[in-house]
Amino acid sequence: MSFEIDPRLSTRAVRGGSSPDPATGALLTPIYQSTTFLQEAVGRHKGFTYSRAANPSVDQLERALGEIEGSLPAVCFSTGMAAITTLFLTLLESGDHVIVSDVVYGGTVRLLQRVLNKYGIAASFVDTSDPQAAEAAIMPKTKLVFIETPANPTLKLTDVSAIALIAHKAGALLAVDNTFLTSILQPVLDQGTDISVLSTTKYIEGHNSTVGGSLALRDSTLTEKLRFVRKTLGCIQSPLESWLTVRGLKTLPLRLKAHCENAHQVAKWLEAHPVVSRVLYPGLPSFPQHELALRQHKAHGGLVSFEVKGGVDAGIDVMNRVKFCYLAENLGAAETLITHPASMTHGDVPVEQRAAAGITDGLIRLSVGLEDPQDVIADLQQAFAALPVAEQEKEAKCASR
Ligand SMILES: *Cc1c(COP(=O)(O)O)cnc(C)c1O
């Protein structure tokens, strides 16, 4: 599977938001590790006063991300959840309603069901892969539709343009959690989205070394409101994390290309393996929404979910037997990580809600990294070989000969 990333994006990723330091010639923008900034006179300063409001290192990251997103400079946060919390608190007030995809990041579910519910903000979790279901869920007080596509961890897709029409017709805004593909592979703002949401922790920084989040928009009034709430809550990104994220961003197009190619290889191998009962990867023709994937994505990302025969026990067995793939939460980094959504990332999501969303207890999520994909395949191969179900398959084959 091969695809080309718009070469202009490569330049923007490397050069966006930065220029050599005029004072010293340092090629990279220094880390502005400073709480406060000298004011020339009362009310006269260079745009920075206190690092909870703004900081030059954060500013650089925001300009760089804005170039990738095709937006105004983004608004960056200490975590992805801080970005999502700020978005909800800025757009919603008591009595308001938000429609959310039924398969979303576990933290988003927790925020709505266990924190914001206390403040009179109502959320409906809807299968947004069905635009009619999304439309039917609209209420007079619906202010926001918040979707995640591909969704964590089943990779179910939502048609962004179709939902944008529905949200806008109802006078609501559309936000897309674009963490799994980023605007490089899925330019959501061009597809009708008002707010592009990212956990920069994942592909953007890409090296398992920071946590962070961002919101990118083309509306300057709403951007300023978000900055105001961020300053009030105190959840801006830090200078050092911003600097590291800028460094990660430089190789984002290159890394994504490799992640996509490696994941596709692993997905094809999984699909052909007799102990695997189900593989979910939008780039496979067998994926239920493959056509939408081709329409909406430039390529299909680095995440592959699958299930092995033998249910939960076999799934847990695989995760305990892998040696090369790291059993850890997170995704989108150089190292291949394997997770068990039902007990790890989605452990707090109520069982019935998990079942309805297709997050079965045997589901395994693989974030395919940048290593040789053959190493990942060999690791899964040895883990599968030890499963009781693999023994049965072998016996069945012998008996049929
Ligand atoms: C990780 C993640 C988040 C939350 O981001 P943090 O940086 O961990 O707070 C939100 N949405 C998705 C899809 C994620 O994968």
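By convention here, the first residue in the shown sequence is residue 1. Just so you know, ligand 1 is whichever comes first in the structure, and atom 1 is the first atom listed for that ligand.
- Judged by distance alone, the side chains of Thr128 and Thr158 do bring a donor and an acceptor atom under 3.5 Å apart.
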Pairs under 3.5 Å, nitrogen or oxygen of ligand 1 with protein nitrogen or oxygen:
| from | atom 1 | to | atom 2 | distance (Å) |
| --- | --- | --- | --- | --- |
| ligand 1 | 5 (O) | Ser199 | OG | 3.0 |
| ligand 1 | 7 (O) | Gly80 | N | 2.9 |
| ligand 1 | 7 (O) | Ser199 | OG | 2.9 |
| ligand 1 | 7 (O) | Thr201 | OG1 | 2.7 |
| ligand 1 | 9 (O) | Gly80 | N | 3.0 |
| ligand 1 | 9 (O) | Met81 | N | 2.9 |
| ligand 1 | 11 (N) | Asp177 | OD2 | 2.7 |
| ligand 1 | 15 (O) | Lys202 | NZ | 2.7 |

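- In this structure, the ring of His273 has its center less than 6.0 angstrom from the ring center of Phe384.
- A salt bridge links Lys46 with Glu40: at least one charged nitrogen is closer than 4.0 Å to a carboxylate oxygen.
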Sequence neighbours excluded and cut-off under 3.5 Å, please list the side-chain donor-acceptor pairs for residues 5-12, or say none.
| from | atom 1 | to | atom 2 | distance (Å) |
| --- | --- | --- | --- | --- |
| Asp6 | OD1 | Arg8 | N | 3.0 |
| Asp6 | OD1 | Arg8 | NE | 3.3 |
| Asp6 | OD2 | Arg8 | NE | 3.4 |
| Asp6 | OD2 | Arg8 | NH2 | 2.9 |

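- Remark: aromatic rings of Tyr281 and Phe306 are distant, center separation not under 6.0 Å.
- Looking at His259, its side chain does come within 3.5 Å of a backbone N or O of Val368 through a donor-acceptor pair.
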